[in-house]
Peer 1: 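What follows is a single structure, and I will ask about it in a moment.
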Amino acid sequence: MEPTRDSHATLVDLLDRILDKGLVLYADIIVSVAGIPLIGVNLRAALAGMETMLKYGVMQDWDERIRAWERENRKERELPLASGEQVVLKMLGSYLYSQGIYTSWRQGYLYVTDRRIALYLLTFGEVLFEASLQSIKGLAMRGGKHLSGAEREHLCLLLEGGEVAWLHALDTRQLREAIERGMAALGLTWEEIDTCPQCGEEAPVKELLHNGCDRCGWVSPRVKQDMLRTTAAR
Amino acid sequence: MQHGDSIRVAPSEGEAATKVEGRYLYCVADGGEKASLGPIGIDGHQVYTVPYKDVCAVVHDCPAEPYQSADAEVVKGWVIAHQRVVDKAWEKWGTVLPLGFDTIVSGQGDSDPQQSVENWLAADYQTLRRRMETVGGKAEYGVQVFWQPRIIARRIAEMDAEIGRLEEEIKSKPRGLAYMYRQKLENALKREMEAKADECFRDFFSRIKKHVCDVRVEKTKKTDDDRQMIMNLSCLVDGDKSTHLGEELEAIDKMEGFSVRFTGPWPPYSFVGA
C-alpha cells in the first residue's frame with residue numbers, strides 16, 4: 001500500500017496537522033498561534049464545509065476510552081528492575097535494531113545497571129535490547145552514520161555466542177565507561193574488538209591476531225609466518 | 001547561495017514601518033545559512049531564512065497581526081502555501097521542525113522582529129537541536145482504519161449466541177414487546193461492537209507499532225460515507241521504512257469489512273510539539 005498526499009481527500013489531513021499541530025513557541029513575542037482561541041476558531045469556522053469531517057466519530061465514548069487506554073499504556077515508565085538491581089546510568093540513546101531485512105536505529109533510554117545494559121523504549125514501554133554484563137566479551141568504539149546521516153561514534157558490543165550489538169548514546173564514551181566500571185566491579189574482563197579484515201565480523205583483537213578468525217578462517221600474516229617457521233623447524 | 005541583506009525584502013519606501021513589524025514562521029530547518037526561497041510564501045511573500053548557529057528559521061515579513069479570513073477558499077490557499085514552504089525547506093535541508101499555521105513573531109520593545117526570532121532560536125537552541133535529532137531522517141504518515149459497521153454487526157450477530165437468540169425471539173413477539181426486544185438487541189450489539197473495536201484497535205496498534213518510531217493516537221473522525229473510523233494514528237517513520245508499514249496496512253485493508261487510508265509523507269507536525 002502506497003501513501004498518498006496529493007488528492008483532495010488528503011486536504012483534511014493536512015489541515016488537521018497545520019492548524020492543530022507543529023512546533024509551539026512559548027514566548028510573549030508571539031502574535032498568535034493557530035489552535036489557541038481567536039484565530040483557530042476563526043479559521044475553523046471558515047472551513048465550515050469540513051466541519052462534519054472534523055467532528056467526532058460515532059462511538060465517542062469508546063474513542064475517549066481507547067485513547068485513554070493508549071495514553072496510560074505509553075506513560076513514561078522506568079525499566080523494570082530485578083530486586084536489588086541498581087541503575088548506574090540512564091541516558092538517551094539508540095540501538096541498531098534489525099529483524100530480517102528491516103534495520104533501523106530505535107531510540108529510547110539506555111540503562112546500565114550493576115548487572116546488565118538495556119535499551120528501554122519509552123514510547124511503548126518495551127525492552128528492545130538487553131544484555132547481562134557477564135555476556136559482554138568485548139567492546140569497541142566505531143565511527144558510523146547515525147539517524148540524521150551525521151558521523152557519530154558508536155559503541156560496538158561483542159556478546160557471548162558472537163552476537164554483536166550497536167549502541168549510540170548522548171555521550172557514548174560515558175556509556176562505555178559505565179559498562180566497563182560495572183564489569184570491573186563484577187570482576188569481569190573484556191577485550192578490545194576489531195573487524196575481521198576478510199569477513200567483516202567482529203572479534204576480539206587478540207583472538208584475531210593470534211588464532212585467526214573463527215568464521216572465515218582468516219589468519220594474520222604474522223600467524224602465517226609463525227606457522228611457516230614451526231613447520232620449517234620440523 | 002546568496003548572501004547579505006539584498007535577499008531580504010525591505011519594505012518599500014511608501015509603506016509604513018509598522019507593515020513589517022512581524023515575522024511569519026514556517027519552520028525551523030537544519031541548516032545555518034542565510035538563504036532565499038523566493039516568493040513562494042503566503043500571498044506570494046518572499047521567504048528567507050534567519051540563521052542561528054547551524055539552524056535557521058524560515059520566515060516572511062508581515063504585519064504583527066494574524067491572518068484571518070471568513071472565506072474558506074482563502075484559508076485553504078494560505079494553508080497550502082504554508083505547507084508548500086515547509087515542503088521546500090524540508091527538501092532543501094533534510095530536517096525541519098514545522099510550525100502550525102499563523103505563528104507570527106513580533107518585535108519586543110525597541111528590538112525588531114528579526115532580533116526576536118534570533119533571540120528565540122538562541123534561547124531554544126538546545127531543545128530545537130534535540131527535536132531535530134528525534135525527527136531527523138523520518139517522516140510523518142497518517143493512518144486511518146475504517147470498518148463497515150453493517151458488515152461487522154452482521155458477523156457479530158452470526159457469531160454471538162445471545163444476539164442470535166434475541167433476533168429469533170423478536171420475530172415471534174407482538175409489536176410492543178418486539179420494540180423492547182429490539183432495544184435490548186441494540187444494546188447487546190453496541191456492547192459487542194465496542195468490544196470488537198477494542199480488540200481490533202489493540203491488534204492493529206501492535207502490528208503497526210513494529211514499523212514506526214513513534215505514534216500519536218488521534219481522535220477518530222466522522223466520515224461522509226457509511227464507514228466508521230476506528231483508528232486514527234499519526235506515525236513517525238524512518239526514511240525508507242514506509243514500505244514495511246504499507247505492507248502491514250495492506251494486510252489490514254484486505255480484511256473483509258475494513259479499509260485503510262494511508263497519507264503522507266508529511267513533515268513531522270505531530271512530533272515536534274511539547
Side-chain angles (χ1 to χ4, degrees), chain A residues 1-5 9-35 38-39 42-43 45-50 52-59 61-63 65-67 69-71 102 104-107 123-124 147-150, chain B residues 22 28 64-66 68-72 75-76 79 82-83 95 97-106 108 116 120 133-134 136-137 141-142 194 197-198 201 209 213-214 217 219-222 224 228-229 238 241-242 244 246-247 249-250 253 260 262-266 269-270 272-274:
Chain A
M1 191 163 190
E2 296 284 327
T4 58
R5 59 172 279 170
T10 59
L11 183 62
V12 178
D13 280 59
L14 184 59
L15 288 172
D16 274 353
R17 291 190 162 77
I18 294 185
L19 295 184
D20 292 340
K21 293 176 163 181
L23 192 60
V24 181
L25 275 74
Y26 295 102
D28 38 8
I29 49 167
I30 297 302
V31 171
S32 72
V33 176
L38 258 163
I39 187 70
N42 269 334
L43 289 174
L47 300 167
M50 286 168 184
T52 48
M53 291 284 284
L54 297 167
K55 271 186 203 146
Y56 285 76
V58 188
M59 299 197 293
D61 294 342
W62 172 80
D63 196 37
R65 201 152 39 70
I66 198 92
R67 281 160 55 79
W69 168 80
E70 196 274 337
R71 274 196 302 277
Y102 180 84
S104 84
W105 284 95
R106 302 294 297 266
Q107 284 177 310
T123 325
F124 304 121
L147 296 170
S148 44
Chain B
V28 177
E65 50 189 60
Q68 296 190 62
S69 171
D71 185 340
V75 174
K76 266 189 237 167
V79 167
H82 179 104
Q83 174 60 17
T95 303
L97 304 176
L99 281 121
F101 182 74
D102 235 347
T103 311
I104 296 167
V105 165
S106 65
Q108 217 176 8
S116 292
W120 165 61
E133 192 95 335
T134 345
Y141 291 85
E194 290 195 356
D198 256 40
F201 185 96
K209 83 177 189 192
C213 299
D214 201 353
V217 180
K219 282 174 180 161
T220 53
K221 306 269 170 63
K222 210 171 187 167
D224 47 9
Q228 198 175 62
M229 193 189 291
D238 231 350
K241 304 300 189 305
S242 67
H244 300 284
E247 282 159 20
L249 296 177
E250 194 164 329
D253 192 52
V260 177
F262 186 27
T263 65
W266 306 111
Y269 282 102
S270 307
V272 293

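All values reported here derive from a predicted model rather than from experimental measurement. Below, chains carry the letters A, B, ... as their sequence lines are ordered, and counting in each starts from 1. We use all heavy atoms of the structure for the numbers below, so side chains are in, but hydrogens, waters and symmetry mates are not.
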Peer 1: Kindly indicate whether the side chain of B:Asp238, heavy atoms from C-beta on, has any atom under 4.5 Å from the side chain of B:Cys213.
Peer 2: yes
Peer 1: Any non-hydrogen side-chain atom of A:Asp13 less than 4.5 Å from a side-chain atom of A:Arg17?
Peer 2: yes
Peer 1: Under 4.5 Å, counting heavy-atom pairs only, tell me which of B:Ser242, B:Gly142, B:Pro265 racks up the most with chain A.
Peer 2: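 Looking at each option in turn, the highest pair count goes to B:Pro265.
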Peer 1: Output the option from B:His82, B:Lys241, B:Glu247 having the highest count of non-hydrogen pairs under 4.5 Å with chain A.
Peer 2: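 Answer, by heavy-atom pair count under 4.5 Å with chain A: B:Lys241.
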Peer 1: Is B:Tyr141 close to chain A through its backbone or its side chain, or both, or neither, when contacts mean heavy atoms under 4.5 Å?
Peer 2: both
Peer 1: If you count heavy-atom pairs within less than 4.5 Å of chain A, which of B:Val28, B:Asp198, B:Leu249 leads?
Peer 2: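 Looking at each of B:Val28, B:Asp198, B:Leu249 in turn, B:Asp198 comes out on top.
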Peer 1: Is any side-chain heavy atom of B:Ile104 closer than 4.5 Å to a side-chain heavy atom of B:Glu65?
Peer 2: no
Peer 1: Rounded to the nearest 0.5 Å, what separates atom CG in A:Asp16 from atom CH2 in B:Trp266?
Peer 2: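 It is 10.0 Å, given to the nearest 0.5 Å.
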